[in-house]
S.K.: 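Next up is a structure, given as structure tokens.
Convention: sequence-line order gives letters A, B, ...; per-chain numbering from 1.
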Protein chains: 2
Amino acid sequence: MPKREWDRAFAYFKKKMTSSRQAIMEVFEEEKKHLSAEEVYDSLKGKNQKVGIATVYRNLDLLTQMGILHRVYFGDGLEHYEITRKPIHHHHLVCNKCGSVIDYSELIEESEFISKLEQELNTRYNFKIESHQMYFYGLCKKCR
Amino acid sequence: MPKREWDRAFAYFKKKMTSSRQAIMEVFEEEKKHLSAEEVYDSLKGKNQKVGIATVYRNLDLLTQMGILHRVYFGDGLEHYEITRKPIHHHHLVCNKCGSVIDYSELIEESEFISKLEQELNTRYNFKIESHQMYFYGLCKKCR
DNA sequence: ATTACAAATGATAATCATTATCATTATCGC
DNA sequence: GCGATAATGATAATGATTATCATTTGTAAT
Ligand SMILES: [Mn+2]
Ligand SMILES: [Mn+2]
Ligand SMILES: [Zn+2]
Ligand SMILES: [Zn+2]
């Protein structure tokens with residue numbers, strides 16, 4: 001929604017604000033899901049705002065580098081993207097049978113624990129942690 | 001090493017113990033790394049125990065389903081596999097610059113915390129958790 | 001040990017996701 | 001508005017993984 005914010009972000013990264021990029025972000029805002037490149041492409045086509053598939057890939061990549069999107073992988077052979085929701089990070093429950101995905105926001109103690117863990121790992125391995133992802137695999141309500 | 005154990009595992013899953021499968025497992029025992037299908041294939045070729053690439057893929061999949069191997073994804077576009085090490089689970093630190101991966105065994109408090117968290121998620125979402133994976137991304141010692 | 005049959009394999013074609021190429025078009029600072 | 005340059009789109013190319021199918025191999029029963 002806040003197109004203003006994107007303008008600022010694109011300016012900061014010295015990138016141009018194009019109608020393709022705007023249209024792609026609108027898809028994510030409307031669908032509020034984890035979308036693959038192909039899904040974004042199809043959604044745009046359906047809205048008569050066709051954008052080339054190569055441009056979709058390019059911009060999903062760019063938006064991920066800019067931190068506006070996040071790339072996630074659920075083990076089904078293709079990448080998915082979602083809007084970065086701040087300040088609350090979230091993790092994923094992936095059903096091994098039907099492939100459905102549940103988002104859940106980190107619990108407070110969880111965020112705290114992971115912060116401490118990251119500090120520990122940082123010193124122990126001299127590794128500067130910038131982000132993390134956690135996936136739980138199992139059986140969802142319908143499939144268990 | 002304990003070929004005996006594999007025999008038992010394959011019998012349990014009603015699968016045949018073949019020389020290909022044995023050769024593939026030997027590669028993992030020798031290399032102790034995260035290997036892609038292509039890397040396993042090349043390693044076998046180098047040892048004059050050539051196994052078709054399709055067979056490598058098929059068996060990496062089978063061994064994963066059997067729990068003998070684990071499938072991991074570091075964001076570089078191809079799947080990697082590693083021997084399942086029990087009872088101590090481990091997680092991964094992935095360098096965003098050079099792509100190197102550090103394994104680290106779950107700390108004691110970490111295992112405990114995750115167990116509790118899994119119970120909580122189990123009841124909250126009625127989701128039966130079977131496994132989890134955690135990835136930390138950042139800059140390794142050399143790249144920071 | 002031999003047999004019989006299904007499972008496994010290997011060569012290779014096919015598929016699917018993603019990336020590269022390059023001619024054309026759109027954006028932005030002047 | 002102009003010009004430099006980034007962005008786009010059509011499509012070819014690539015790379016990983018899966019499907020196909022004729023042949024071989026493992027296993028359990030004889
Ligand atoms: Mn999510
Ligand atoms: Mn590992
Ligand atoms: Zn399910
Ligand atoms: Zn590095």
S.K.: If you count heavy atoms of other groups shown closer than 6.0 angstrom to NZ of Lys47(B), is the number above 12?
M.R.: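 For Lys47(B), atom NZ is crowded (more than 12 foreign heavy atoms under 6.0 Å).
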S.K.: If you check the Lys16(A) side chain, which of dT27(C), dT12(C), dG26(D) turns out closest?
M.R.: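 Looking only at side-chain atoms, Lys16(A) lies closest to dT27(C).
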S.K.: Between Gln133(A) and His70(A), does any side-chain donor sit less than 3.5 Å from a side-chain acceptor?
M.R.: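 No donor-acceptor contact under 3.5 Å links the two side chains.
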S.K.: Distance check needed: dA16(D) P versus Tyr73(A) OH, whole Å only.
M.R.: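 Value for this atom pair: 13 Å.
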S.K.: Using a cut-off of 4.0 Å on non-hydrogen atoms, how would the nucleic acid contact of Glu79(B) be classed: base, sugar-phosphate, or nothing?
M.R.: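 It contacts sugar-phosphate atoms only.
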S.K.: Can you tell me the distance, in whole Å, between the CZ atom of Phe10(B) and the P atom of dG26(D)?
M.R.: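 The distance from CZ of Phe10(B) to P of dG26(D) comes to 13 Å, rounded to the nearest Å.
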S.K.: Which residue, Tyr73(A), Phe74(A), Phe136(A), forms the ring pair (Phe, Tyr, Trp, His ring centres under 6.0 Å) with His92(A)?
M.R.: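 So, applying the ring pair (Phe, Tyr, Trp, His ring centres under 6.0 Å) to His92(A) and each of Tyr73(A), Phe74(A), Phe136(A), only Phe74(A) qualifies.
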S.K.: Would you indicate what Ser20(A) reaches in the nucleic acid, counting non-hydrogen atoms under 4.0 angstrom: base, sugar-phosphate, or nothing?
M.R.: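 It contacts sugar-phosphate atoms only.
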S.K.: Counting side-chain heavy atoms from CB outward, which of dC28(C), dG26(D), dT27(C) is closest to Thr18(B)?
M.R.: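 In terms of side-chain proximity for Thr18(B), the closest of dC28(C), dG26(D), dT27(C) is dG26(D).
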S.K.: Taking the minimum atom-to-atom distance to the side chain of Leu78(B), which one of dA16(D), dT11(D), dT12(C) wins?
M.R.: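 My answer, after comparing the listed nucleotides, is dA16(D).
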S.K.: What nucleotide, of dT18(C), dT27(D), dT17(D), holds the atom closest to the side chain of Ala37(B)?
M.R.: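 Of the candidates, dT17(D) comes closest.
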S.K.: May I ask you to decide whether Lys45(A) forms a salt bridge with Asp42(A), counting only side-chain N to carboxylate O separations under 4.0 Å?
M.R.: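 Result for this pair is yes, salt bridge flagged.
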S.K.: How close or far is atom C1' of dA17(C) from atom CD1 of Ile53(A), stated in whole angstroms?
M.R.: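 Whole-Å distance recorded here is 9 Å.
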S.K.: Can you check the Met17(B) CE to dT9(C) C1' distance for me, whole Å?
M.R.: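 Roughly 16 Å, once rounded to whole Å.
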S.K.: Between Gln22(A) (CD) and dA7(D) (C1'), how many Å, whole number?
M.R.: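 Value for this atom pair: 15 Å.
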S.K.: Between Ile68(B), Thr64(B), Leu35(B), which is the residue that forms a side-chain contact (heavy atoms from CB on, under 4.5 Å) with Tyr81(B)?
M.R.: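 With Tyr81(B) as partner, side-chain contact (heavy atoms from CB on, under 4.5 Å) holds for just one option, Thr64(B).
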S.K.: We want to know whether Glu110(A) and Tyr104(A) form a side-chain donor-acceptor pair, criterion being a heavy-atom distance below 3.5 angstrom.
M.R.: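 On atom types as modelled, these side chains qualify, holding a pair under 3.5 Å.
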S.K.: Could you identify which residues of residues 57-72 of chain B place a heavy atom less than 4.0 Å from some atom of DNA chain D, listed by residue number, or say none?
M.R.: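 Going residue by residue through residues 57-72 of chain B, the ones with a heavy atom under 4.0 Å of DNA chain D turn out to be Tyr57(B), Arg58(B).
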